[in-house]
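Just below is one structure, and these are the notes that go with it.
In what follows, chains are A, B, ... by sequence order, proteins preceding strands, each numbered from 1.
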Amino acid sequence: MCGRFTQLLTWAQLRRLMRLTSPPIELPLRYNIAPTQRVPVVRHEGGGRSLALLRWGLVPAWAKDLAIGSSMINARGETLAAKPAFRSAFKRRRCLVPASGFYEWDKVSGGKAKQPIYITASDEGPLVFGGVWESWASPDGDTVETFAIVTTAPNEMMSRFHDRMPLILDPDDHDAWLDPEREDASALVRPYPSELMLARPVSTRVNSPKNDDPSLIEPVEPRRAEGLFG
DNA sequence: CCAGACGTTGTT
DNA sequence: GTCTGG
DNA sequence: CCAGACGTTGTT
DNA sequence: GTCTGG
C-alpha cells in the first residue's frame, strides 16, 4: 500500500499550503521517498504548525532498537486507537505528511512482474496524509522521532491495485487531525473519493529507492501500459 | 504473579 | 509503557 | 514498498 | 525464506 511517495513542493508552497509557523528549512524535490528516510512532516506546536524531519517507520517508546520501524511504516486506521504500538501516538501525537503523489505496484496477470503506478490528486495538486509520530530514546541516549502513515480501506479506484490506501485528509480536517485535544479523530479516518484521484503507470526504475529523479513520474509508453487501464 | 508481545503488507 | 496469556 | 543481504574468527 | 536497509 503506501510504501513510497513523492514530495515536489518548494518551501514557499508548503508554507502556504500548511500554514506553517516554523522557520524555513531546505526542501529538496523528492521523487522516491522510502521507509527509514527522514521526511518533513507537520506537527501542532505552540498554537501553530511546525515542520520537522522525522524518520519514516514508527518506533514505539518501548522498542529495543530501530529495526521495528521498518515494519511500522503504516498504521491501520480502524485499529490504531487500541493498538499498544500506536495508541498513545494516535491520541496525542498526530501529524500531517505533505505529498505530491504515491506509488502502488499492480500485479501483472500471469507473471511475477509488478507494474508501478503513480497516484496523484486529479488536479495534480498536493495531497496530505494523516500520520502518527513517536519519540524513541536509543540505548546511547539519542532521541529519534519517527512516524507512520495511517491507512484506510481503499476507494473504488485504489481497490484496483490494493486493499489499503493512505489516509488522505481534506484541508478542512487538518486542524482537527493535528489537535491533541480532539477526541474524535477516528471520525476523520475514511477513504478519499476516487473522483479526486488519478493513476498512471510509470517506469520500474522507481522500484529501486536509490532512483530519485524526475523521470520516475513520466508515464510509460502506451504500449507498456496497454491492458492495465480500460 | 511474571513472561512475552506489542505491527503491517502481501502471499499462500 | 501496557496489555495479554499462562 | 522493493532491493539486497543473509557469517565468524582471526589477522592486518 | 526472511530480515534489514533505503
Practice item. Verify side chain to side chain contact (heavy atoms under 4.5 Å, CB included) between A:Leu14 and A:Gln7, making sure each step is shown before the conclusion. Key: CA-CA 10 Å; A:Leu14 186 63; A:Gln7 275 186 343; over 6 Å; no
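Comparing the C1' positions of E:dT2 and D:dT9 gives an interatomic distance of 25 Å, to the nearest angstrom. Using atom C1' as the reference point in both B:dG4 and D:dT8, the two lie 30 Å apart (nearest Å). B:dG10 and D:dC2 have their P atoms separated by 9 Å, with the value rounded to a whole Å. Taking the C1' atoms as reference points, D:dA3 lies 27 Å from B:dC6, given to the whole Å. Here, B:dG7 and D:dC1 have their C1' atoms 15 Å apart, quoted to the whole Å.
For A:Ser71, counting side-chain heavy atoms from C-beta on, the closest listed nucleotide (D:dC2, C:dG1, B:dG7) is B:dG7. With D:dC1, D:dA3, B:dT8 as the choices, the nucleotide that has an atom nearest any side-chain atom of A:Phe86 turns out to be B:dT8.
Contact check, A:Thr151 against B:dT9: a side-chain N or O comes under 4.0 Å of OP1 or OP2. OP1 and OP2 of B:dA5 both lie 4.0 Å or more from every side-chain N or O belonging to A:Lys83. Residue A:Lys114 has a polar side-chain atom (N or O) positioned under 4.0 Å from OP1 or OP2 of B:dT11. For B:dT8, the OP1/OP2 oxygens have a side-chain nitrogen or oxygen of A:Thr79 closer than 4.0 Å. Checking the phosphate oxygens (OP1, OP2) of B:dT8, no side-chain nitrogen or oxygen of A:Arg164 falls inside 4.0 Å. Side-chain N/O atoms of A:Lys210 include none lying less than 4.0 angstrom from OP1 or OP2 on D:dA3.
In terms of modelled atom types and a separation under 3.5 Å, the side chain of A:Asn211 and the main chain of A:Val206 share no donor-acceptor contact. At distances below 3.5 Å, at least one donor-acceptor pair connects side-chain atoms of A:Trp56 with backbone N or O atoms of A:Ile73. Put simply, the side chain of A:Gln115 gets close to the backbone of A:Val202: a donor and an acceptor are under 3.5 Å apart.
Atom pair A:Ile119:CD1 and D:dC1:P shows a separation of 13 Å (rounding to whole Å applied). Taking atom CZ of A:Arg30 as the reference point, atom P of D:dC1 lies 19 Å away to the nearest angstrom. Rounded to a whole Å, the CG atom of A:Asp65 is 16 Å from the P atom of B:dG7. For the pair A:Ile73 CD1 and D:dC2 C1', the interatomic distance rounds to 10 Å; values are reported in whole Å. The nearest whole Å value for the distance from the CG atom in A:Asp106 to the C1' atom in B:dG10 is 14 Å. Atoms CG (A:Leu80) and C1' (B:dT9) sit 16 Å apart, rounded to a whole Å. With rounding to whole Å, A:Arg205 atom CZ is found 15 Å from D:dA3 atom C1'. Between the CD1 atom of A:Ile68 and the P atom of B:dC6 there is a distance of 9 Å, given to the nearest Å.
Counting any heavy atom pair closer than 4.0 Å across all strands shown, A:Pro60 reaches no nucleic acid atom. Within the nucleic acid shown, A:Ala85 comes within 4.0 Å of sugar-phosphate atoms alone, with no base atom in reach, counting heavy atoms only.
Annotation: cation-pi geometry not satisfied between A:Arg92 and A:Phe90 (NZ/CZ under 6.0 angstrom from ring centroid, within 45° of ring axis).
Pairing for B:dC6 is with C:dG1, a Watson-Crick or G-U wobble pair whose two hydrogen-bonding atom distances lie under 3.5 Å.
Using a 3.5 Å distance cut-off with no hydrogens or angles, the side chains of A:Asp140 and A:Ser138 do not pair a donor with an acceptor.
The ring pair (Phe, Tyr, Trp, His ring centres under 6.0 Å) with A:Phe102 is formed by just one residue from the set A:Tyr192, A:Phe161, A:Phe129; it is A:Phe129.
Summarising the geometry, atom CG belonging to A:Asp175 is positioned 11.5 Å from atom CG belonging to A:Leu169; distances are rounded to the nearest 0.5 Å.
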Mind listing the N/O atom pairs, protein and nucleotides 2-6 of chain C, below 3.5 Å?
{"residue": "C:dC3", "atom": "OP1", "partner": "A:Arg87", "partner atom": "NH2", "Å": "3.4"}

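Heavy-atom minimum distance, A:Pro209 versus A:Asn32: CA-ND2, 3.8 Å.
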